[in-house]
Engineer: 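Shown below is the structure under consideration.
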Protein chains: 2
Amino acid sequence: MTPAKTRTPRNTLSAELIVRTALDLMETKGLDAFSLRGVAAALGVGPMALYTYFRNKDDLYDAVRDHLMALVPDVPADVPWPDQVRAVCRGLRTLMLEHPCLAQLLSGRPLSGHETARTAEGLLGVLRSAGFDKETAARTHTTLFTYVLGSTSWEIQMAAERRDPDAWRRLRTTMESLSSAEFPTVVGLAPELARTTGGDEQFDYGLDLLLAGLEAKVRRPA
Amino acid sequence: MTPAKTRTPRNTLSAELIVRTALDLMETKGLDAFSLRGVAAALGVGPMALYTYFRNKDDLYDAVRDHLMALVPDVPADVPWPDQVRAVCRGLRTLMLEHPCLAQLLSGRPLSGHETARTAEGLLGVLRSAGFDKETAARTHTTLFTYVLGSTSWEIQMAAERRDPDAWRRLRTTMESLSSAEFPTVVGLAPELARTTGGDEQFDYGLDLLLAGLEAKVRRPA
DNA sequence: ACCTGAACACCGTTCAAGT
DNA sequence: ACCTGAACACCGTTCAAGT
């Protein structure tokens with residue numbers, strides 16, 4: 001009457017369960033320490049069991065990334081377009097901060113995936129509605145996306161650094177060893193530079209620069 | 001009378017030779033396929049010989065990155081400051097395109113190193129001379145640097161994609177499978193989006209947006 | 001189809017030892 | 001100091017086999 005054998009796992013595996021377990025490991029131990037064998041061990045199966053659901057490691061990376069991109073919030077309606085742009089960019093940044101592996105997954109792998117397309121659709125729609133022509137909308141989308149990706153990746157990288165006592169000490173040593181004769185500006189601006197390696201204020205500063213350039217473009221189009 | 005034994009390598013190793021060999025392998029086989037054992041094999045020594053010159057793999061990464069950052073050109077004198085900013089950003093981008101591993105080395109590892117400081121010194125000096133206060137200069141430097149890093153990393157990533165027939169085919173398939181009902185803007189702007197995944201024009205578009213925002217700031221400071 | 005187990009060709013790094 | 005050689009604890013992936 002018990003159809004399931006005593007062999008522990010029996011059809012308990014699924015693509016979604018693997019993705020969730022993989023994401024969990026990436027966030028716990030870091031993307032660099034992530035391994036297929038680790039996922040398999042966490043699930044209590046042999047490494048080869050995963051190959052039924054994913055063709056290889058990269059395929060699993062893509063699935064995890066698309067899983068995360070589904071969490072990007074929708075574009076808010078009924079606000080001016082610059083605020084819509086701000087909301088999308090901040091939403092993507094917040095998601096990357098919550099899931100640091102996402103930054104690496106986005107910069108290290110091709111885009112592909114419907115969820116990535118959904119995010120692009122939202123931002124492109126805003127830009128087209130704001131009156132930008134096709135070419136400008138596409139260029140602006142790429143600019144905004146790469147700015148968010150670059151600035152947030154850098155922020156995450158620096159935050160990880162600060163947490164690693166060894167790396168942090170080495171960075172401090174390097175900074176202090178810089179002669180103020182050779183690097184007067186860097187040395188003189190050390191406190192300001194330390195303050196601008198991340199944070200909402202720094203992110204918004206760059207985003208506002210881009211938006212200021214965009215609004216000037218709207219007022220007198222090229 | 002022949003003091004050197006017949007054992008082939010004898011004091012032929014040096015930190016610089018290892019760095020040059022490592023860089024060569026990174027560019028030939030890609031950073032992902034790069035390994036310490038590969039460097040050792042290329043030099044005809046055992047893997048452990050490298051540990052005399054570098055504490056570990058990350059230490060070698062840092063050395064390669066600093067070696068490349070030394071190639072960033074100096075800031076041109078006697079031109080208006082926006083052109084100086086443009087020159088620095090384009091110079092960094094060009095170097096990253098010539099040495100694709102640099103993009104990954106910059107986003108994946110802490111900054112450290114005198115050559116990185118030299119590049120920062122150049123750009124920060126320009127911004128301070130242009131009249132920006134310390135805080136704004138530091139924020140602008142971080143914004144520009146992360147923009148260059150993000151946009152160029154993305155460009156390199158996409159170019160690598162296009163070269164891999166398998167990945168390229170999969171990307172095309174994904175794009176074509178997007179329903180124009182669900183993603184009308186993405187589908188409608190497909191050719192424009194394909195055109196903006198890289199190139200000097202796309203890079204300058206974003207850079208000019210940032211500069212337009214900056215020049216507005218100079219005219220009426222916050 | 002779903003999963004196992006052994007095997008292959010790799011890794012970075014430690015440790016003890018040689019010169 | 002500079003380098004070797006064996007060893008440890010890992011990888012992703014292939015292949016043949018079981019159910």
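Labels below follow one simple rule: chain letters A, B, ... track the order of the sequence lines, proteins then strands, and each chain is numbered from 1.
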Engineer: Between atom CZ in B/Phe54 and atom C1' in D/dC2, what is the gap in whole Å?
Structural biologist: 14 Å

Engineer: Distance check needed: D/dT13 C1' versus A/Arg55 CZ, whole Å only.
Structural biologist: 13 Å

Engineer: Does B/Tyr53 have any ring pair (Phe, Tyr, Trp, His ring centres under 6.0 Å) partners at least two apart in sequence or in another chain, and if so, which?
Structural biologist: none

Engineer: Take the protein atom CG of A/Leu13 and the nucleotide atom P of D/dT19, then report the distance between them rounded to whole Å.
Structural biologist: 19 Å

Engineer: Verify the neighbour count for atom CD of A/Glu201: are there more than 12 heavy atoms of other residues, nucleotides or ligands below 6.0 Å?
Structural biologist: no

Engineer: Tell me: CG of B/Asp58 to P of C/dG12, nearest whole Å?
Structural biologist: 11 Å

Engineer: Which one is paired to C/dC8, where only Watson-Crick or G-U wobble pairs with both distances under 3.5 angstrom count?
Structural biologist: D/dG12

Engineer: Let me know the distance between CG of A/Asp59 and P of D/dG12, rounded to the nearest Å.
Structural biologist: 14 Å

Engineer: Between B/Asn56 (CG) and C/dC11 (P), how many Å, whole number?
Structural biologist: 17 Å

Engineer: Of all the nucleotides listed (D/dT13, C/dT13, D/dC2), which has the minimum atom distance to the side chain of A/Met48?
Structural biologist: D/dT13

Engineer: Mind checking if A/Tyr51 touches a base, just sugar-phosphate, or nothing, with heavy atoms under 4.0 Å?
Structural biologist: base

Engineer: Which whole-number value in Å describes the distance from B/Leu50 CG to D/dT4 C1'?
Structural biologist: 12 Å

Engineer: Can you check whether B/Ser151 reaches B/Arg93 side chain to side chain, under 4.5 Å on heavy atoms?
Structural biologist: no

Engineer: A/Leu95 and A/Leu68: which non-hydrogen atoms are nearest, and at how many Å?
Structural biologist: CD2-O, 3.2 Å

Engineer: Counting side-chain heavy atoms from CB outward, which of D/dT13, D/dC3, C/dC3 is closest to B/Ala49?
Structural biologist: D/dC3

Engineer: Which value, rounded to the nearest 0.5 Å, describes the distance between A/Thr146 atom OG1 and A/Leu106 atom CG?
Structural biologist: 12.0 Å

Engineer: So, B/Phe54 versus B/Tyr61, ring centres under 6.0 angstrom or not?
Structural biologist: no

Engineer: When you measure from every atom of DNA chain C, which of residues 20-37 of chain B have a heavy atom less than 4.0 Å away?
Structural biologist: B/Ser35, B/Leu36, B/Arg37

Engineer: Evaluate A/Arg90 against A/Asp204 for salt bridge (charged side-chain N to carboxylate O under 4.0 Å, His left out), listing each step before the verdict.
Structural biologist: CA-CA 9 Å; A/Arg90 284 182 184 151; A/Asp204 283 340; 3.0 Å; yes

